[in-house]
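Convention: sequence-line order gives letters A, B, ...; per-chain numbering from 1. Just the heavy atoms: all of them, side chains too, but no hydrogens, waters or symmetry mates, feed the values below.
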2 protein chains.
Amino acid sequence: MPSSFSAELRASATAEEEAYRHIQRALRLGRYKPGDRLIPEDIAAEIGMSRMPVREAFRRLASDGLVVLRPNRGCIVAGLTVDELYETFEMRSVLEGLAVRLAMPRIDEDELEELERLLERMERAGRSGSNDWVVRHQEFHGRICALSQRPKLMHQIAALHAVIEPYMRIWFDYVEKPLSARDEHAALIAALRSGDARHAEQVMQDHILDTAPILVEFVTPSRRQTPAGEK
Amino acid sequence: MPSSFSAELRASATAEEEAYRHIQRALRLGRYKPGDRLIPEDIAAEIGMSRMPVREAFRRLASDGLVVLRPNRGCIVAGLTVDELYETFEMRSVLEGLAVRLAMPRIDEDELEELERLLERMERAGRSGSNDWVVRHQEFHGRICALSQRPKLMHQIAALHAVIEPYMRIWFDYVEKPLSARDEHAALIAALRSGDARHAEQVMQDHILDTAPILVEFVTPSRRQTPAGEK
DNA sequence: GATTGGATAAATGGATACAAAAATATTTCG
DNA sequence: CGAAATATTTTTGTATCCATTTATCCAATC
């Protein structure tokens, strides 16, 4: 969550909320791999609660597309097929494109400088490892989305990011330091500076769709159909 | 659900699933109004189960954006502000636009004729009442989306439709029979016939964004901020 | 008379307990 | 020795129960 840490300030939420965040974070960090089973009792014990709130958290995570829930068969970490991964990028492309277009009226020089700072930080983070880079990358995209001032749109985009994040990590670890990333994001800032909303939308769409094939290529080796062969 | 009734064939799902579908349908039919409280015990008694599966269903419905769940304060039917309603149409415009663009390769003469049949059926349903028309309208849009062969995209679009459906009903009931609707959808078919994917995408985007202001206008009178004044 | 405080009632959240289903291990028979 | 059938274990799904929180109502005070 790039900029919505504020929600975590209220420490004493419900147990379900705690379970939801706990599992979500674990998934983001790649602690579980696609196809892995999430055992309610184990997770409940980890956080110190009963199975019930964990079960409820599972429902929400399933709605987010992060896990798959089958009746009487438990909860497994959702894996994306190559097609689904690509589809997710297609959806991101139009939604983030929309976000950029709507954000344009609120782009000023201050904001552009802030984005350049974030780009610089992303670049630096890229040297220390995939974890930091992915977080910074999310932050950069999240900043632009936030300027659209569309809460539901942001929520959707964040959900899509959460699904592909583990794959971004794998990708980053393979290619060491993606050189193209800096140029692409710099081009994005340039497009924003142009002031042409439609143009910026197109640049964002192209940027996201450009990433997809590279990522797909690196993910293909460990290609697992949804739950590793349906067990 | 226009075309996914197949999922209801398996009668003996879990109780949670039954509760989920039950409440979803009730919301679609406008049985509850935005801001209404959903009492777990009452719903549980209706279907003949305990509160627990109903509680779990609430979580999923909340993720879908159909209800709002606040800790220790129960479950209320989600209402959209005018801004949120408009935002939903913006998201629909780019996602359904994408769906049309991707569907284009699979559009042939047979498919065009089928769409014309659906348009005709939508027209006829419009005379009998808003219920039938909304269902047929969904069916028409759903058919196009299905041709994109993108399951996750379809799911997202269906979720957005579910949220705005009650408002579509209100709108339809106000304007008797929206004359523009027939022309707009016919133009959509014409765009598909042209074979130009980008053009069809644009027509779809325009069509959806055209609807939004009309609908917003009719919804404004009963304008309720999310939960009728936060109670 | 309005507002605040507290007591009571209601509803929610969560844990335990139990029943049903699935997965696993074991035995039996070919 | 292998396959099928059965018994056992594990795990999931649901109901009931209890604790905590919130809402309601009434009284006391300003």
Side-chain touch B/Met91/A/Arg150, heavy atoms, less than 4.5 angstrom: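 The answer is no; the side chains never approach within 4.5 Å.
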Heavy-atom side-chain proximity of A/Phe58 to A/Ile43 below 4.5 angstrom: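 A/Phe58 reaches A/Ile43 side chain to side chain.
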Chi angles and distances behind the salt bridge (charged side-chain N to carboxylate O under 4.0 Å, His left out) call for B/Arg59, B/Glu56: CA-CA 5 Å; B/Arg59 301 286 180 195; B/Glu56 293 180 3; over 6 Å; no
Report the distance from atom [atom1] of [X] to atom [atom2] of [N], rounded to the nearest whole Å.
| X | N | atom1 | atom2 | value |
| --- | --- | --- | --- | --- |
| B/Ile39 | C/dA11 | CD1 | C1' | 10 Å |
| A/Arg70 | D/dG13 | CZ | P | 11 Å |
| B/Met52 | C/dA17 | CE | P | 14 Å |
| A/Glu56 | C/dG14 | CD | P | 7 Å |
| A/Asn72 | C/dA23 | CG | P | 9 Å |
| B/Glu16 | D/dA15 | CD | C1' | 16 Å |
| B/Phe58 | C/dG13 | CZ | P | 9 Å |
| B/Ile43 | C/dA11 | CD1 | P | 13 Å |

Angle between terminal axes - the helix from C/dG1-D/dC30 to C/dG30-D/dC1, 5 pairs each end, rounded to 10°: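 One end axis against the other gives 10°.
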Residue pair A/His161 / A/Gln156, side-chain donor-acceptor N/O under 3.5 Å: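 No, A/Gln156 and A/His161 have no side-chain donor paired with an acceptor closer than 3.5 Å.
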Taking the side chain of [X] as its heavy atoms from C-beta onward, which of [options] lies nearest to it?
| X | options | answer |
| --- | --- | --- |
| B/Arg59 | C/dT16, D/dT21, C/dG14 | C/dG14 |
| B/Thr14 | D/dG13, D/dT16, C/dG14 | D/dG13 |
| B/Pro53 | D/dA15, D/dG13, D/dT12 | D/dA15 |

B/Tyr167 side-chain N/O to B/Leu80 backbone N/O, donor-acceptor pair under 3.5 Å: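 Looks like yes, one N/O pair under 3.5 Å.
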Heavy-atom donor-acceptor pair, A/His22 side chain to A/Glu18 backbone, under 3.5 Å: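 No, the answer is negative, given that no donor and acceptor are paired below the 3.5 Å cut-off.
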Residues B/Glu165, B/Arg169; criterion salt bridge (charged side-chain N to carboxylate O under 4.0 Å, His left out); working and verdict: CA-CA 6 Å; B/Glu165 186 165 326; B/Arg169 232 175 273 273; 2.4 Å; yes
5' precedence on DNA chain C between A/Ser50 and B/Pro40 (nearest-nucleotide basis):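 Of the two residues, B/Pro40 wins.
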May I ask you to evaluate whether [X] reaches the phosphate of [N], defined as a side-chain N or O under 4.0 Å from OP1 or OP2?
| X | N | value |
| --- | --- | --- |
| A/Arg73 | C/dA23 | yes |
| A/Arg51 | D/dT12 | no |
| B/Arg37 | D/dA23 | no |

Sugar-phosphate, base or nothing in reach of B/Glu41, heavy atoms under 4.0 Å: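 Nothing: the residue B/Glu41, judged by heavy atoms under 4.0 Å, touches no strand.
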